[in-house]
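As the structure is a computational prediction, the values presented were derived from the model and not from experiment.
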Amino acid sequence: MYKIMVIEDSVELRNEMIVLLRRNGYDGYAPEQFDTIISDIRVTNPHLILLDINLPGQDGFQLCTEIRTFSQVPIMFVTSRNTDMDELMCMTLGGDDYISKPYNTSILVARISALLKRTYGNSSSQDQLTHGAVTLHLATSRLEANNHFVELTKNELKIMHYLFMHKKRIVSRLDLVEYLWDNEMFVDDNSLSVNINRIRNKLQALGLEEYIMTKRGQGYRI
């Protein structure tokens with residue numbers, strides 16, 4: 001079950017959103033203390049955050065900026081501030097989607113479902129994939145080996161998901177680039193190399209030196 005954190009200062013609206021989420025099969029919850037939100041996110045590790053802009057203390061823009069320093073969790077801004085500049089700020093600072101209040105509840109749920117699918121893949125797929133000593137956690141965007149974890153960015157998660165789905169087979173660079181472009185990741189051949197190298201460094205941190213093998217002139221295989 002996907003965990004969705006609601007960061008909203010209106011108690012009435014916050015409770016309404018939690019009820020809506022739970023009715024639609026999500027684990028909706030909300031912090032009530034706004035000075036501990038960052039630590040709450042680190043502890044609870046939500047799959048999605050619904051974030052208002054106008055909040056006591058730090059506003060939603062500041063929170064989004066701080067969250068992006070340590071997490072790639074998808075963030076959907078849900079706010080009454082509905083100017084083009086507000087929406088541009090949300091996207092520029094690392095937000096993944098934006099919906100203005102008052103919202104249609106059916107549209108909000110549909111946008112949440114679409115964002116979760118874009119981030120974690122089809123909801124009907126397995127939440128965890130294992131190959132050899134490594135487990136890929138799709139819902140939390142992490143790799144696990146020997147009881148240790150590393151966090152993956154969105155691009156890294158998509159690359160590893162594709163390799164896991166084609167394990168023991170050679171995946172061409174072109175196939176990977178086309179897959180990522182189809183999923184709106186916009187990765188070219190050069191940035192694919194950068195992402196592969198970053199993944200390899202993270203695998204090395206887990207004690208795995210040659211988990212992703214390069215087949216010269218062909219592509220990659222795990």
Ser193 vs Asn190, test: side-chain hydrogen bond (donor to acceptor under 3.5 Å, both in side chains). Steps then yes/no. CA-CA 5 Å; Ser193 297; Asn190 182 61; 5.5 Å; no
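- Two residues are said to be in side-chain contact when any heavy atoms from C-beta on lie closer than 4.5 Å; Leu51 and Val78 fail this criterion.
- For residues 32-43, every residue pair satisfying the side chain to side chain donor-acceptor pair (under 3.5 Å) rule, not counting sequence neighbours, is listed here: Thr36-Asp40.
- A donor and an acceptor atom, one from each side chain of Glu66 and Gln58, are located under 3.5 Å apart.
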Side chain to side chain contact (heavy atoms under 4.5 Å, CB included) for Leu21 and Leu50? Distances and angles first, verdict last. CA-CA 11 Å; Leu21 291 169; Leu50 302 182; 4.3 Å; yes
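- Annotation: side chain of Ile75 is in contact with side chain of Arg68 (closest heavy-atom distance under 4.5 Å).
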Worked verdict on Asp9 versus Asn54 for side chain to side chain contact (heavy atoms under 4.5 Å, CB included): CA-CA 8 Å; Asp9 63 334; Asn54 296 324; 5.7 Å; no
Applying side chain to side chain contact (heavy atoms under 4.5 Å, CB included) to Leu157 and Leu136, what does each step give before you reach the verdict? CA-CA 8 Å; Leu157 175 65; Leu136 177 64; 3.8 Å; yes
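- Screening residues 207-217 for side chain to side chain donor-acceptor pair (under 3.5 Å), with sequence neighbours left out, gives Arg200-Thr214.
- Side-chain contact annotation: Ser191 with Asp188, donor-acceptor N/O pair under 3.5 Å present.
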Step-by-step side chain to side chain contact (heavy atoms under 4.5 Å, CB included) determination, Leu20 to Tyr26: CA-CA 9 Å; Leu20 177 67; Tyr26 302 112; over 6 Å; no
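- Between Arg173 and Asp189, the closest side-chain pair of non-hydrogen atoms falls below 4.5 Å.
- Between the side chain of Asn146 and the backbone N or O of His148 there is no donor-acceptor pair closer than 3.5 Å.
- Salt bridge Lys101/Asp52: present, at least one basic N to carboxylate O contact under 4.0 Å.
- Here the options are Leu115, Ile49, Ile4, the test is side-chain contact (heavy atoms from CB on, under 4.5 Å), and the partner is Pro74; only Leu115 passes.
- You'll find the side chain of Ile222 stays beyond 4.5 Å of the side chain of His166, heavy atoms only.
- Here the side chains of Leu152 and Lys202 are in contact, with some heavy-atom distance below 4.5 Å.
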Where do Asp97 and Arg111 land on the salt bridge (Lys or Arg N to Asp or Glu O under 4.0 Å) test, with the steps shown first? CA-CA 8 Å; Asp97 202 353; Arg111 297 274 285 273; 2.9 Å; yes
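- Panel note: side chain His161, backbone Ile159; no donor-acceptor pair is recorded below 3.5 Å.
- A donor-acceptor pair under 3.5 Å links the side-chain atoms of Arg14 to the main chain of Glu8, judged by distance alone.
- Classified by interplanar angle (parallel below 30°, tilted 30° to 60°, perpendicular above 60°), the ring pair Tyr120/Tyr2 is parallel.
- Side-chain contact between Tyr103 and Met17: present, with at least one pair of heavy atoms (C-beta onward) separated by less than 4.5 Å.
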